[in-house]
Amino acid sequence: MECWQNGKYTIVKNSGNQMQAIVENIPTPYPINGAWQVEFDPKWGGPGKVEFPELISWTEHNDPGIKYYSGKGKYQKTIIVKDEWMGDGKNIYLDIGDVGEIAEIFINGNSAGVVWKPPFRVNITGQVKLGENELKIEVMNLWVNRLTGDKDLPETERFTKTNIRSDGGSWLENYTEWHVELQDYLDRFACFFPKRLKLSSE
């Protein structure tokens, strides 16, 4: 049995017999605060390497190269693993909250897994070491960001080509021209928070 928080648990066996378990050694979830180093591909209009003082959706950024970016964004940060988190029967998970649309997590250069649906969480027990660890999260979003940004650029400056000119509906009804007021839809993309390490005990 794996427990995520301290407390008293009642375990019911198939036979109907019950047993009690008391868990009291699980540390509280550890938030990963502070700035992140983020890299965007200049070939797709990105600014290269920038710093995010706090995590926000790309579509909330003032730089058009980030606001309308589509592709892979690489987030990097150093995290500290404490001695009390490690040991037999203890597990360390990275919980990244929410992702638009898919992300791969790397610990010290090694892939810890890909997340694309809730819960956006991976077990990193086998990848981390005591003390400093290098965390990288590669996030991929959808093309609608870049398509929306390209709409108002001269054709020679656009990064994409498409024959899609509608926000939805069919060819015969409910047709509307592609417009920039897609903010409610775009806001989902490339935001992933809160970041925290969750601990469990077996």
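This chain uses plain numbering: 1 for the first residue, then up along the sequence.
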Straight-line distance of Phe159 CZ to Asp41 CG, nearest 0.5 Å: 10.0 Å
Heavy-atom closest pair, residues Val122 and Val115: CG1-CG1, 3.7 Å
All side-chain contact (heavy atoms from CB on, under 4.5 Å) counterparts of Lys49, not counting sequence neighbours: Glu39
From CG (Leu135) to CD1 (Ile80), nearest 0.5 Å: 11.5 Å
Hphob cluster co-occupancy, Phe106 + Ile92, side-chain heavy atoms under 4.5 angstrom: no
N/O donor-acceptor pair under 3.5 Å between Thr10 side chain and Gln20 backbone: no
For Met86 against Lys82, the heavy-atom pair lying closest together: CG-O, 3.8 Å
Any Lys13 side-chain heavy atom under 4.5 Å of Met19 side chain: yes
Main-chain N/O of Glu132 paired with Lys129 side-chain donor or acceptor, under 3.5 Å: yes
Residues which pass side-chain contact (heavy atoms from CB on, under 4.5 Å) with Ile102, listed by chain and number, not counting sequence neighbours: Val114, Trp116, Met140
Under 3.5 Å donor-acceptor, Lys77 side chain and Ala35 backbone: yes
Carboxylate-amine/guanidinium contact Glu134 Lys136, below 4.0 Å: no
Side-chain donor-acceptor pair present, Gln37, Glu51, cut-off under 3.5 Å: yes
Spatial distance of atom CG (Asn91) from atom CD1 (Ile124) [nearest 0.5 Å]: 10.5 Å
Smallest separation among heavy atoms of Gly149 and Leu153, with atom names: O-CG, 3.6 Å
Atom pair CG (Asn110) and CD1 (Ile105), whose distance is rounded to the nearest 0.5 Å: 13.5 Å
Where Pro47 and Gly65 come nearest, the two heavy atoms and their spacing: CD-O, 4.1 Å
Test item: Asn133 side-chain N/O and Val128 main-chain N/O as donor-acceptor pair under 3.5 Å: no
Distance-only donor-acceptor check, side chains Ser70 and Asn145, under 3.5 Å: no
Verify same cluster id: Ile79, Ile137 (apolar side-chain graph, 4.5 Å): yes
Aromatic ring pairing Tyr75/Trp58, orientation class (parallel under 30°, perpendicular over 60°, tilted between): parallel
Asp150 side chain vs Arg158 backbone, donor-acceptor pair below 3.5 Å: no
Under 3.5 Å: donor-acceptor pair, side chain of Lys90, backbone of Glu84: yes
Asn141 CG to Tyr69 OH distance, which is reported to the nearest 0.5 Å: 8.0 Å
Exercise: identify the closest heavy-atom pair between Ser111 and Glu104: OG-OE2, 2.7 Å
Spacing of CD belonging to Glu138 relative to NZ belonging to Lys74, to within rounding of 0.5 Å: 5.5 Å
Validation row: Phe52, Ile66 side chains within 4.5 angstrom (heavy atoms): yes
